[in-house]
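We count residues from 1, following the sequence as given.
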Amino acid sequence: MKEKLFRGIYNSSLIKKFLASPSPSWLVWFADTVIVLLSCLLTVVFGSGKTSYPSIWFAIPMKVTVCVAVYAAINTLFATYRYVVRLSSLIDVARTIKLILGASIVLAIISTATWIATGVSYISFWNIFVIGVISFSMMTLMRLFIKSMYSFLMQPGKVRKRVVVLGTHIDSLMLAAALKNEIDGSYTPVALLSRGTNPPKTANGIPIFKLNPDTVEETFRFLRADTLIFTSSQMELMRQQLADIFLSHSIKLLMFSSVEEFSMPDDDNNDHNISAHVQNIHIEDLLGRAPINTGNKKVREVYFQQTVMVTGAAGSIGSEIVNQLASFGAKDLVLIDQAETPMHELQLHMQERHPGIKIHLFIGDIANRERMEQAFKKYRPRYVFHAAAYKHVPMMEINPSEAVCTNIFGTKNIADLAVKYNVEKFVMVSTDKAVNPTNIMGASKRIAEIYVQSLFFKLRRNTDGPTTQFITTRFGNVLGSNGSVIPLFKRQIEEGGPVTVTHRDIIRYFMTIPEACSLVLEAACMGAGGEIYIFDMGKPVKIYDLARKMISLAGLRPDIDIKIVETGLRPGEKLYEELLSDKERTIATHHRQIMIAKVVTYDYDNVVGQLDELERDIHTANLHDIVAQMKRIVPEFVSNNSKWAEIDKELAAQANN
């Protein structure tokens, strides 16, 4: 009956709002100061110890004032009061001990100084000790009382989700306690999952279970829970070892973003909704490797106050390069793309995020040399990042002429204009599909690589002075890019399936868009010309496993809630991608995740002659001859699962004759 009365009072919106809000830090400081005052009065008035002062009525106020002042100063200095009292934990007990010890040491120094000066201690060491013990006891009891009141009054009538918290270290204990005691929280921690060999039975009233991969499903079923929460500090452990264990048993994973949320911030009115900091895990978090961070300050210095041109600026890679260049303080950004709507969206983004950067929008097709020359002549960039290209393999298999016009001759236009207008560095964004290509898209990018590299070596041979430095960067698939598999799988899962994969054994390298662009910008700073840089993409990912993980991350069961269907390899698609061909090797750079590929070089005049023949084929619109000429330029280009494979047989027969 009393409990219902208390809960009825709690349900009053005014009282509920009051209890749910963290106490102001000044109020905690004031309460601690009152406790110290009471401790001093009890100790000094009823304690013993001689004093050098003539009147006890004068001595007592002085002693109490000094004690309270010292404690208040130490409390302010150590900021012991700055945390949410209802989330008190062992770490806050340690803070209280720190306060007591600090104040006691200062009082002991004062007492020693008065003894040396007058021969009588200002306050005895015994009194200092007693004041500390009483203060610590009362402060701890106050916190436990408030914590207990919150625990008693929390969550009236609301159903919480039962969750298991990973680990038994201090962060996990704090997280479990915070979730358990949170007013209007969303989660109830029913157990802690320990990786230790002999864990204790309970912690803070929460049972502890040992993590056993063979029985993890039974453990969660016994606990009537289907969700695991872990802290951000455990992300690497989850990525490398544990995620697959839980996902294979359809256990949903959630991450608490920051343990720092337990501390009281400077803003007393800040919201302390612990559940709000529990977030879903994205597939990008489970790549199997730690994110790449360049952190090179010299990169910022290179692009600061420079004029930089970016082709394909509205695409996934191009727009991120633009964003990072703007953050480095580039003076003028010349943005080239033929897609009107994405360029408009990029403009709005830049005006909102980087209002101080001058942007020049230039709608045009890189295959249109006259239009591109207008941009070079008007803005005269110092650096050019060439990201414009057709990239979808199946689309280019049925449109080889467009792949040649844009990926090859569009690149040739930008490269030739870079030389004509004295660009310092030209950086081409390439792909792992250019290595031993099996499709039109990959072959077109390889031919573009060959042209810009041969152009650089010709310039270096024929010019004594500085010339444009041509640099190529290769990497695999980028997560979340337009048309990539991740958005496709997300949409298919949201629609209830099925999730479609082309082949159960197909594997790909993955990298996030910011990572890829950051490495492109740094490789550009390293390069002196002629290099093809490749990036450490980590371990390749099996697309079928990727689909299963994404289904599990959505809280669903693969092949039960969401079906996975194999559709067969698409034209030009291969099971695995490579970053280096068999004839290539790598040279290390100062960045352990950026390497230089040692590739076969080509004579510029021969390359130009072959491209002239390819251009004639473009004008006649003979697709057979276009693809055949591409295969002559890149002999390792062997079509896979494509109608163009017949040309390989024709060329092989010609070679034998």
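A donor-acceptor distance shorter than 3.5 angstrom exists from the side chain of Thr468 to the backbone of Val423, with no hydrogens or angles considered. In this structure a side-chain-to-backbone donor-acceptor pair under 3.5 Å is present from Gln324 to Pro514. For Arg446 (side chain) and Ile633 (main-chain N/O), no donor-acceptor pair under 3.5 Å exists by modelled atom type. Side-chain atoms of Asn439 come within 3.5 Å of backbone N or O of Gly442 as a donor-acceptor pair. Counting only distance, with no hydrogens or angles, the side chain of Thr406 and the backbone of Ala403 share no donor-acceptor pair below 3.5 Å. Side chain of Thr311 to backbone of Ala388: a donor-acceptor contact under 3.5 angstrom is found. Proximity of a side-chain donor or acceptor of Asn399 to a complementary backbone N or O of Glu402 within less than 3.5 Å is not detected. Between the side chain of Gln305 and the backbone N or O of Ala330 there is no donor-acceptor pair closer than 3.5 Å. In terms of modelled atom types and a separation under 3.5 Å, the side chain of Lys425 and the main chain of Gly527 share a donor-acceptor contact. Side-chain atoms of Glu531 never come within 3.5 Å of backbone atoms of Ile596 as a donor-acceptor pair (strictly under, hydrogens ignored).
Between Tyr303 and Phe328, the two ring planes are parallel [angle under 30°; tilted spans 30° to 60°].
Relative to the six-membered ring of Tyr421, Arg380 misses at least one condition, a distance below 6.0 Å or an angle of at most 45° to the axis. Cation-pi check for Arg369 over Phe409 is not met; the charged atom does not lie both under 6.0 angstrom from the ring centroid and within 45 degrees of its normal.
Salt-bridge annotation for Glu449 and Arg474: present, with a side-chain N of the basic residue lying under 4.0 Å from a carboxylate O of the acidic one. The pair Lys549-Asp244 counts as a salt bridge, with a side-chain nitrogen and a carboxylate oxygen less than 4.0 angstrom apart. The pair Lys631-Asp648 counts as a salt bridge, with a side-chain nitrogen and a carboxylate oxygen less than 4.0 angstrom apart. Under 4.0 Å is where a charged nitrogen must lie from a carboxylate oxygen, and between Arg570 and Glu397 no such pair does. Between Arg491 and Glu494 there is no salt bridge, since no side-chain N of the basic residue sits under 4.0 Å from a carboxylate O of the acidic one. For the pair Asp416 and Lys420, the salt-bridge criterion is not met [side-chain N within less than 4.0 Å of a carboxylate O].
Inspection of the Thr500 and Gln492 side chains reveals an N or O donor paired with an N or O acceptor under 3.5 Å. For the residue pair Ser444/Asn407, the side-chain donor-acceptor check at 3.5 Å is satisfied.
Atoms CG and SG, on Asn413 and Cys405 in that order, are 10.0 Å from each other to the nearest 0.5 Å. Considering NE2 of His503 and CG of Asn641, their distance stands at 10.0 Å, rounded to 0.5 Å. In this structure, NE2 in His354 is found 9.0 Å from CG in Leu333, a value given to the nearest 0.5 Å. Here CD1 of Ile534 is found 4.5 Å from CE of Met595. Values are rounded to the nearest 0.5 Å. Atom CG of Asn323 and atom CD1 of Ile513 lie 11.0 Å apart (nearest 0.5 Å). The structure places CD1 of Ile450 at 12.5 Å from OG1 of Thr411, a figure rounded to the nearest 0.5 Å.
Heavy atoms only, all atoms of each residue included: Phe230 and Leu253 are closest at CE2-CB, 4.3 Å. In terms of heavy atoms, Tyr533 sits closest to Ala523 at CE1-O, 3.6 Å.
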Open item on the list: What verdict does the side chain to side chain contact (heavy atoms under 4.5 Å, CB included) test give for Gln306 and Glu424, after you've listed the backbone C-alpha separation in whole Å, the side-chain angles of each residue and the deciding distance to 0.1 Å?
Closed with: CA-CA 11 Å; Gln306 300 300 323; Glu424 183 175 320; over 6 Å; no
Open item on the list: Quick one, Val334 with Phe376, criterion side chain to side chain contact (heavy atoms under 4.5 Å, CB included). Give me CA distance, side-chain angles, the key distance, then yes/no.
Closed with: CA-CA 9 Å; Val334 183; Phe376 276 88; over 6 Å; no
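Here the options are Asn436, Thr438, Val600, the test is side chain to side chain contact (heavy atoms under 4.5 Å, CB included), and the partner is Glu636; only Asn436 passes.
Taking the six-membered ring for Trp and the full ring otherwise, Tyr604 and Tyr451 have centroids separated by under 6.0 Å.
Surrounding CE of Met395 are at most 12 heavy atoms belonging to other residues, nucleotides or ligands under 6.0 Å away. Around the NE2 atom of His349, the shell of radius 6.0 Å holds more than 12 heavy atoms that belong to other residues, nucleotides or ligands. The number of heavy-atom neighbours closer than 6.0 Å to CD of Glu340, taken from other residues, nucleotides and ligands shown, is 12 or below. The 12-atom threshold is not exceeded at CD of Glu352, counting heavy atoms of other residues, nucleotides or ligands nearer than 6.0 Å.
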